[in-house]
There are 2 protein chains.
Amino acid sequence: MADFDSGSEQPVPRKRADARRNERALLDAAAAAFVTSGVDVPVRDIAVRAGVGVGTIYRHFPTRADLIVAVYRHQIEACAEAGPALLADSDTPYAALARWIDLFVDFLVTKHGLAAALQSDAAAFQTLHAYFLDRLVPVCDQILDAAVAAGEIRPDTNAYGLLRGVGNLCIGAGNDPRYDARRLVDLLVAGLRVR
Amino acid sequence: MADFDSGSEQPVPRKRADARRNERALLDAAAAAFVTSGVDVPVRDIAVRAGVGVGTIYRHFPTRADLIVAVYRHQIEACAEAGPALLADSDTPYAALARWIDLFVDFLVTKHGLAAALQSDAAAFQTLHAYFLDRLVPVCDQILDAAVAAGEIRPDTNAYGLLRGVGNLCIGAGNDPRYDARRLVDLLVAGLRVR
DNA sequence: TTGGCAAACGGAACGCCGTTCCGTATGTTT
DNA sequence: AAACATACGGAACGGCGTTCCGTTTGCCAA
């Protein structure tokens, strides 16, 4: 690994200054808009907030999913990275699973409408789907494997289904005080235990 | 309770013949359209299938939810009525619960997109929400109470949350073979058991 | 049978939304 | 400073739900 090819050379020449500025503005505007109006906020609203035209949004983020991913990338990353840490810190793999799922739920329920978008099977949300799952399924799998190995949970459990299930349970959380998504997720995770 | 006021008198005068005919046609057309294109099928499509104008749809069914309710009323009714029957026939209340939830899942997963519509918090779906819950929550409550009384499940369980949870888990079922909604529902119900 | 009227109809029209497209402006490089 | 690629803005388009109103149709009474 010599530093061959490193240095100032940029194979992808830097983008224009205004383009970088607008991308920043769009991310900020989108983040703010998502908080106040949910991830379904009309594209035009985001454009107005950012002070750009709608065309600029599509140039930077071809689909809404791309924008959502870009806005939440950091938090998803943090959630993914917390997995191995929890596994190391917790008394048992099952405890780690419960805590990790809790993090995931935290993330979902604070993002108005994100859980619903996550489940959409529209082609446009392929990116969103792919990013979430590619990043989180392996982490979940690792925890599940450990819990199975410890004999704590049923062996026939797959991370993909579990994550989608948890995601679905979080849909509509926060709209209705009678619907306690977190409790249902707890029940679901409890259902995984061997009896 | 004499048969006072019974007989041929109709306080609500019969609707016109064409109105009744169109309502029938609309219900049939909607049912067919829901099967092939899901409950999100464009209103115009239903109108074309029924051979009527869009205005006619809105005159008979002010909101999409009204139409959905009308189309599925029979099946919802059947599900509701199955509750007490299962409670009487099953070995334990918990068994009745499991079987009843299974019926509910059967209903949801065969109606493309219905589960998603059921969760929508848009004002237009208030009717749908209300009808489903008014009809099914009491039934579920009865079964849950029996199971609690038998000491089979946790005491702090509410029917509303459970039904919404099950409904949410059914969202997207059938779109992806890797997502097994029924299994997740089973896990959720298993999580209700006392341990 | 027919006249009149309320009921019901159809589809044009409106507004919102996502998305595309292209004439214009702006940054960058020589 | 000239020339070029890059990026911009917003008009324009198509699809959708919903409303509205001029027209038609069934019903009943004369």
Side-chain angles (χ1 to χ4, degrees), chain A residues 8-30 33-34 36-68 70 113 116-117 120-128, chain B residues 8-27 29-30 33-34 36-68 113 116-117 120-128:
Chain A
S8 64
E9 183 188 351
Q10 266 131 338
V12 178
R14 252 182 50 259
K15 285 202 291 197
R16 260 171 52 171
D18 53 349
R20 269 175 292 135
R21 194 173 351 111
N22 279 331
E23 185 165 332
R24 255 251 145 75
L26 274 172
L27 284 173
D28 290 347
F34 289 170
T36 60
S37 313
V39 295
D40 292 328
V41 61
V43 181
R44 280 169 178 78
D45 288 7
I46 301 176
V48 169
R49 273 183 194 258
V52 305
V54 285
T56 301
I57 292 195
Y58 284 94
R59 203 165 309 105
H60 287 281
F61 306 100
T63 73
R64 171 182 242 97
D66 292 313
L67 182 53
I68 296 175
S120 165
D121 56 339
F125 285 92
Q126 199 56 33
T127 309
L128 187 63
Chain B
S8 63
E9 183 188 350
Q10 266 131 338
V12 179
R14 253 185 47 261
K15 286 202 290 198
R16 262 172 51 171
D18 54 348
R20 267 175 293 136
R21 194 175 351 111
N22 279 330
E23 185 166 331
R24 255 251 144 75
L26 275 172
L27 285 174
F34 288 170
T36 59
S37 311
V39 296
D40 292 327
V41 61
V43 180
R44 281 169 177 78
D45 288 6
I46 302 177
V48 169
R49 273 183 194 258
V52 304
V54 285
T56 301
I57 292 196
Y58 283 94
R59 202 166 308 106
H60 287 282
F61 307 99
T63 73
R64 178 187 293 277
D66 293 312
L67 182 54
I68 297 175
S120 163
D121 58 338
F125 285 93
Q126 199 56 31
T127 309
L128 188 62

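Throughout, protein chains are lettered first and strands after them, A, B, ... in sequence-line order, and every chain is numbered starting at 1. What you see below is based on every heavy atom in this structure, not just the backbone, and it leaves out hydrogens, waters and symmetry mates. This structure is a prediction, so every number in the text was calculated from the model and none was measured.
Judged by atom type and distance alone, A/R59 does not reach the base of D/dA7 through any side-chain donor-acceptor pair under 3.5 Å. Judged by distance alone, with hydrogens and angles left aside, B/R44 brings no side-chain donor or acceptor close enough to the base of D/dG15 to form a pair under 3.5 Å.
Spacing between atom CD1 of A/I57 and atom P of C/dG18 amounts to 9 Å, rounded to whole angstrom units. The distance between atom OH of B/Y58 and atom P of C/dA13, rounded to the nearest whole Å, is 18 Å. Computed from coordinates, the B/I46 CD1 to D/dG15 C1' distance equals 16 Å when rounded to whole Å. Here the P atom of nucleotide D/dC8 and the CG atom of A/L26 are 8 Å apart, to the nearest Å. Between the CZ atom of B/F61 and the C1' atom of D/dG17 there is a distance of 17 Å, rounded to whole Å. One interatomic measurement links the two molecules: CD of B/E23 to C1' of C/dC9, which rounds to 15 Å at whole-angstrom precision. Going from atom CG of B/N22 over to atom C1' of C/dA8 covers 8 Å, rounded to whole Å. Atoms CZ (B/R14) and P (D/dC27) sit 8 Å apart, rounded to a whole Å.
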Would you sort out whether A/R21 and A/D18 count as a side chain to side chain contact (heavy atoms under 4.5 Å, CB included), showing the intermediate values? CA-CA 5 Å; A/R21 194 173 351 111; A/D18 53 349; 3.5 Å; yes
Check step by step if side chain to side chain contact (heavy atoms under 4.5 Å, CB included) holds for B/R49 and B/T36. CA-CA 12 Å; B/R49 273 183 194 258; B/T36 59; 2.8 Å; yes
Please lay out, stage by stage, how A/L67 and A/V43 fare under the test side chain to side chain contact (heavy atoms under 4.5 Å, CB included). CA-CA 11 Å; A/L67 182 53; A/V43 181; over 6 Å; no
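Residue B/D45 is the one, among B/D45 and B/R20, whose nearest nucleotide of DNA chain D lies closer to the 5' end (criterion: closest heavy atom). If you find the closest nucleotide of DNA chain D to B/P42 and to B/R21, the one lying nearer the 5' end belongs to B/P42.
Residue B/H60 has a polar side-chain atom (N or O) positioned under 4.0 Å from OP1 or OP2 of C/dC9.
When distances run from any side-chain atom of B/V43 to the nucleotides D/dA7, C/dT19, D/dG17, the shortest one goes to D/dG17. Here C/dG10 is the nucleotide among C/dG10, C/dG18, D/dG9 with the atom lying nearest to any side-chain atom of B/T56. Nearest to the side chain of A/A17, among D/dG26, D/dT18, C/dT28, sits C/dT28. The listed nucleotides are C/dT28, D/dG9, D/dG10; the one nearest the side chain of A/V54 is D/dG10.
Between B/F61 atom CZ and B/I68 atom CD1 the span is 11.5 Å, to the nearest 0.5 Å. Here CD1 of A/I46 is found 5.5 Å from CZ of A/R64. Values are rounded to the nearest 0.5 Å.
Contact annotation for B/R64: backbone-only contact, meaning every heavy-atom pair under 4.0 Å involves sugar-phosphate atoms and none involves a base.
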